[in-house]
Amino acid sequence: MTPTGTAPEVSQAPTASPSAAATGLRQVASFAGATLHVDPLAFSPDGRTLAGNEGSEKRVRLWDVETGKATATITAPGNVSVGFTPDGQALATGYAGYGAQLWDVGTGTSTATFPNPVTTGANPLGGSGAVAVSPDGKTLASIGNGGGVTSVLLWDVATGKNITKLTPRSSVLLCLAFSPDGKTIAAGGNGGGVTNQGNVYTWQVATGTPGPTLRLATTDPVKVIGNKVSSLAFSPDGKTIAGAGFAGPSYLQNGAYTGTQIWDVTTGTVVSTVTDTGGGSVAFSPDGATLATTLTGGTGVELWDVAAGKATGTITLPTNSAMTAAGTSGAPLAFNPDGKTLAVGVGGTVQLWALR
């Protein structure tokens with residue numbers, strides 16, 4: 001992680017970080033899941049339940065974290081995004097091109113649907129199935145596609161009505177996150193046009209007013225194509241956003257950036273840069289002291305001390321040949337709210353790692 005000034009800068013590859021064994025990291029559980037991959041992951045607010053999308057089986061599975069046993073499954077049309085409501089009683093799921101739903105965690109039944117307003121001639125599978133629930137549980141954000149343009153849709157959870165449609169200058173949006181105070185919504189994707197530089201777009205939730213656009217650094221911003229922000233996370237204090245850049249192998253020669261950057265939310269300037277992480281997934285620990293990022297092809301997880309700007313440990317994961325061949329970022333990440341464990345998707349299983 002390299003501190004930078006106002007100008008984005010791609011640093012050299014970091015030196016090797018300590019191994020899991022050297023830093024006291026240890027795997028404490030493994031949950032059986034799908035045949036191909038479990039992605040993404042989300043903990044319930046009390047940390048007792050873990051949700052994971054099993055896209056190849058077209059379902060979302062819920063596990064009891066203590067016992068490792070599956071407690072429920074929810075049928076889904078394919079790859080989805082997942083996130084719990086603040087009270088932990090409902091699970092939000094988003095489906096690429098199909099909108100979003102809320103599910104009762106106890107019964108596994110659908111309680112609300114937020115449709116995707118697809119227009120005539122639009123690609124119903126455009127964009128992504130990203131979904132996020134505001135910290136107060138009153139607003140749900142999803143990705144909508146219409147006329148070849150993807151937008152962020154804000155919904156009133158109580159009434160099911162669409163409140164706002166936020167459309168950036170982008171061809172694809174892939175990930176969503178509310179700020180901890182719920183006042184800002186951020187969406188990551190690419191910038192559209194010729195270069196497709198990876199961007200994070202921000203808006204004020206109350207007014208829909210655009211905030212700074214956060215741009216990934218590139219080795220050659222003129223040539224770069226196929227670059228995208230595939231995962232993002234607000235720091236717990238809401239002052240910064242971490243975004244993971246990702247690009248398929250064929251795009252790397254054109255300057256695509258596959259590291260992780262941290263931006264100041266207010267100014268949009270780069271605070272620090274993590275290189276050679278492969279992008280894919282990124283997550284802050286609940287106390288904001290640690291940033292977790294995935295390595296290329298989901299082969300490992302790097303842990304970083306945010307204040308010191310240095311790697312503190314690496315979790316080595318078995319290679320998932322199917323995902324690597326497909327150019328998939330892999331290795332979704334989720335910190336337990338208690339800050340003691342990190343869930344990592346490893347192919348069709350989920351590993352739980354103790355951090356202290």
Side-chain angles (χ1 to χ4, degrees), residues 1-11 14 42-43 45 83 86 130 132-139 141 152 154 166 168 173-189 198-217 229-245 257 259-275 277 279-294 302-312 333-339 342 355:
M1 182 180 295
T2 303
T4 66
T6 57
E9 176 183 318
V10 180
S11 63
F43 277 100
V133 182
S134 63
D136 63 7
K138 295 180 179 180
T139 306
V152 177
L154 300 183
L166 308 169
L173 294 176
L174 301 172
C175 47
L176 289 170
F178 279 97
S179 60
D181 63 7
K183 295 181 179 180
T184 302
I185 181 73
N199 292 331
V200 175
Y201 303 91
T202 63
W203 296 268
Q204 294 300 307
V205 173
T207 63
T209 303
T213 296
L214 318 177
R215 304 185 187 281
L216 280 178
V229 175
S230 56
S231 175
L232 63 87
F234 277 90
S235 59
D237 63 10
K239 295 181 180 180
T240 59
I241 294 178
Y257 178 67
T260 294
Q261 288 188 281
I262 301 178
W263 297 272
D264 182 290
V265 175
T266 303
T267 65
T269 56
V270 177
V271 176
S272 55
T273 298
V274 180
T275 60
T277 62
S281 300
V282 63
F284 277 103
S285 60
D287 62 5
T290 301
L291 180 72
T293 63
T294 56
E302 198 96 82
L303 299 179
W304 295 83
D305 183 309
V306 175
K310 60 185 293 186
T312 59
L333 307 170
F335 278 97
N336 191 304
D338 65 11
L342 175 70
L355 305 178

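Residue numbers run from 1 in the order of the sequence given.
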(message) On a heavy-atom basis, which atom in Pro180 and which in Gly238 lie closest, and how many Å separate them?
(response) CD-CA, 3.7 Å
(message) Is any side-chain heavy atom of Leu303 closer than 4.5 Å to one of Leu291?
(response) no
(request) Compare all side-chain heavy atoms of Leu154 with those of Trp203 and state whether any distance is below 4.5 angstrom. (result) no
(request) For the residue pair Trp304 and Thr293, establish whether any side-chain heavy-atom pair is separated by less than 4.5 Å. (result) yes
(request) Would you name the heavy atoms of Gly268 and Pro212 that are closest together and state the gap between them? (result) CA-CB, 3.9 Å
(message) Can you list everything that forms a side chain to side chain contact (heavy atoms under 4.5 Å, CB included) with Asp264? Sequence neighbours excluded, please.
(response) Thr266, Thr267, Thr269, Val271
(request) Taking side chain to side chain donor-acceptor pair (under 3.5 Å) as the test, write out the residues that go with Asp338, two or more places apart. (result) none
(request) Report yes if the side chains of Leu176 and Val152 come closer than 4.5 Å at any heavy-atom pair, otherwise no. (result) yes
(message) The criterion is side chain to side chain contact (heavy atoms under 4.5 Å, CB included); which residues satisfy it with Ala283, sequence neighbours excluded?
(response) Leu333, Phe335
(message) In the structure I gave you, are the side-chain heavy atoms of Thr184 and Gln204 within less than 4.5 Å of one another anywhere?
(response) yes
(request) Decide yes or no for Val205 and Phe178: does some side-chain heavy atom of the first lie under 4.5 Å from some side-chain heavy atom of the second? (result) yes
(request) To the nearest 0.5 angstrom, please state how far the CG atom of Leu174 sits from the OG atom of Ser230. (result) 7.0 Å
(message) Looking at every heavy atom in both Gln261 and Arg215, which two are closest together, and how far apart are they?
(response) OE1-O, 3.7 Å
(request) Using a 4.5 Å cut-off on heavy atoms from C-beta on, say whether the side chain of Ile185 contacts that of Leu166. (result) yes
(request) Indicate yes or no for a side-chain donor-acceptor contact from Asn336 to the backbone of Gly339 under 3.5 Å, with no hydrogens or angles considered. (result) no
(request) Give the minimum heavy-atom separation between Cys175 and Val229, together with the two atoms involved. (result) SG-O, 3.6 Å
(request) Indicate yes or no for a side-chain donor-acceptor contact from Ser231 to the backbone of Ser281 under 3.5 Å, with no hydrogens or angles considered. (result) no
(message) So, using side chain to side chain donor-acceptor pair (under 3.5 Å) as the criterion, who are the partners of Thr139 when residues are at least two apart?
(response) none
(request) Might you point out which heavy atoms bring Pro45 and Pro86 nearest each other, and give the distance in Å? (result) CG-O, 3.2 Å
(message) Among residues at least two apart in sequence or on other chains, which ones pass side chain to side chain contact (heavy atoms under 4.5 Å, CB included) with Ala186?
(response) Val200, Thr202, Leu232, Phe234, Ile241
(request) Return the set of residues passing side chain to side chain donor-acceptor pair (under 3.5 Å) with Ser235 (not counting sequence neighbours), or none when no residue passes. (result) Asp237, Thr240
